[in-house]
Amino acid sequence: MEIRDLLKQNIQLALKELGVDLDLNEIVVENSKDPTHGDYATNVAMKLARVFGKSPRDVAGLIVDKISKDQIDHIEIAGPGFINFYMKNDSITGIVQRIIKENDNFGRSAKKNEKVNVEFVSANPTGDLHVGHARGAAIGDAISRILDFDGYDVTREYYINDAGNQIDHLGESLIERYKEDLGLPFNLPEDGYHGEDVKIIAKKIREKYGDKLLEKDNPLEFFKLVGQELELEKIREDLKTFNIVFDVFSSEKAIRANGAVEKEIEYLKDHIYLDGGAKVLRTTDFLDDKDRVIVKSNGEYTYFMPDIVYHVNKLSRGFDKLIDVLGADHHGYINRMKSALMMHGYSQDVLDIELIQMVRMMKDGKEFKLSKRTGNGYTLRELCEDAGVDAARYFFVMRAASGHLDFDLDLAVKQSSDNPVYYAQYAHARLSSVLNSASDIKIDETGSLLKEFSELELAKKLASFEDVVKIASKEKAPYKITNYIHELAEKVHAFYTECRVIDRDNIEVTSARLGLCLASKIVLKNALYLVGVSAPEKM
RNA sequence: GCGCUUAUAGCUCAGCUGGACAGAGCAUCUCCCUCCUAAGGAGAGGGUCGGACGUUCGAAUCGUCUUAAGCGCGCCA
């Protein structure tokens, strides 16, 4: 058990003796920021001052008298009524043994038997992924990894909008580019895709399927289908280089098949009214501030309609929870979709929409938007080439998703300490290097000889990993992990500088420190894994 | 006009759901390699937490008002 949980339990027991029942999660025990405040501290005495009708310091005194002092060296009452715990070294360094034993699984929670579907990226297969998609991809995948680590059963899903206008535009544009490639007169549609990438795809289609495609019965359908396949293949490849693999690709077309949309409309009929020939869903009965058209007066569906079907479809596949990672411009969409799901009797919490704010690409202190090569937007592929996958993924998740992100390309490329990715990876490489240099020395896994300040600080940081994972999971906040990685790397570097590990004249201390190195290396690696960043042995 | 989001050091951001002097990293300055990776460490300066009022023993954190910025408010997707 983690020390903080142990302290909480002890406090709970002490309070019980004093006649106060308090839930465990109401008891806050925090890592003291300041070493002069002990290792851990709690504010319960101040919280309960009124209940006891005494001053916070007096209440603290009562609690301290009753508390079990097993692993505690001594306790101080400080400031307005904080209780500061000074732990015995053993109770702090004992974590080393557990980490080494659990290894890759340290920090992982037991299976919860809850199925979560995380939908992200879901870009239309009409062009390359750009940096906006890339941030969504990095965050969506990191959330998936964190939830998985926290014991959820996670499915990563990509929704392909292959039935909408966008695909029509793609097909039309491809036909024109195909004509161009054949040397025929061509005329790009105004709302088509004018970029170079479409030209390339058209060329590919011609190479693969020949010059007679325009003579087909329905060339548009053919170009739509083949074009989309090729675009999707490209997207999949790009995501793979970005270290992201989806479990499921769902197609809008497939979901619309077999009258699923019509059935859904029938199901929702009590919530639908007609307005000038259009069918409108009364979402205002639930969370929305406005009713939404689902079938236009010309009989076509709005985007919203098949999307309802899609979300219901996801839930019908047995997921307990859906998470959508979407661009921040979708926030009007949240209450709309939740309302529709509530019409099915689901709780509004069954769907969790994580909004991702814009990314601004910065170079030389100035924003840039375009790719140098194609004249289109800057793509994920180029970003991977320019910044590297590790740096890109780290940068995308290191800020709260709800905030705008300035991606400093100069910094991401820089191989120095200013670059947070290298700072963390370097810590890992250093530990590896030490362990390699001392591979002949037996490692003491008990942690019992550790006593230096920087050793204890590092051990405490290691112990808090499990908690950090839980919080990051609960809040769907991968940036909590990168913050932790940075703090842990700091403690590692401080330990490395203060404590020489390998000392052949003192094998006992050496092997104890090697144990700490190994434990730190494991935790650093596990944490980096959660955000999809590699942990190099050498740099 | 209504709604959502954001506002913390010169810059980019944390702040553990109300606690002990507001923290990092860049940038600036000073020190530290006879020794496991100096891609590192130690230290200094820098803040009326956008503003005002309120709740509280206690507010960057909660509430109201206000200012500024971004986004959303289609029978678009």
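Computed from a predicted structure; not experimentally measured.
- The partner of G23(B) is C13(B), judged by Watson-Crick or G-U wobble contacts that both fall below 3.5 Å.
- Checked by distance alone, Asp329(A) brings no side-chain donor or acceptor within 3.5 Å of a matching partner on the base of A77(B).
- Remark: the Ser433(A) side chain and the C36(B) base include no donor-acceptor N/O pair separated by less than 3.5 Å.
- In this structure, Arg504(A) reaches neither bases nor backbone, as no heavy-atom distance under 4.0 Å exists between it and the strands shown.
- The nucleotide G58(B) finds no pairing partner, because no Watson-Crick or G-U wobble arrangement with both distances shorter than 3.5 Å includes it.
- Using the Watson-Crick or G-U wobble rule with both distances under 3.5 Å, U28(B) pairs with A44(B).
- Nearest to the side-chain atoms of Tyr496(A) among the listed nucleotides A14(B), U37(B), C75(B) stands U37(B).
- Taking only side-chain nitrogens and oxygens, Lys296(A) comes nearer than 4.0 Å to OP1 or OP2 of A77(B).
- The distance between atom CD1 of Ile294(A) and atom C1' of C76(B), rounded to the nearest whole Å, is 16 Å.
- Distance noted for atom P between G51(B) and U61(B): 10 Å (whole Å).
- Taking for each of Arg399(A) and Lys47(A) the nucleotide of RNA chain B with the nearest heavy atom, the 5'-most of the two is the partner of Arg399(A).
- Considering only the side chain of His486(A), A24(B) comes nearest among A24(B), C75(B), A77(B).
- In this structure, CD of Glu498(A) is placed 13 Å from P of G41(B), rounded to the nearest angstrom.
- Between Met343(A) and Val312(A) the shortest side-chain heavy-atom distance does not fall below 4.5 Å.
- Across all strands shown, A69(B) is found opposite U5(B) as a Watson-Crick or G-U wobble partner, with both distances under 3.5 Å.
- Taking the C1' atom of each, U56(B) and A24(B) are spaced 30 Å apart, rounded to whole Å.
- Straight-line distance from the OH atom of Tyr426(A) to the C1' atom of A38(B): 6 Å, rounded to whole Å.
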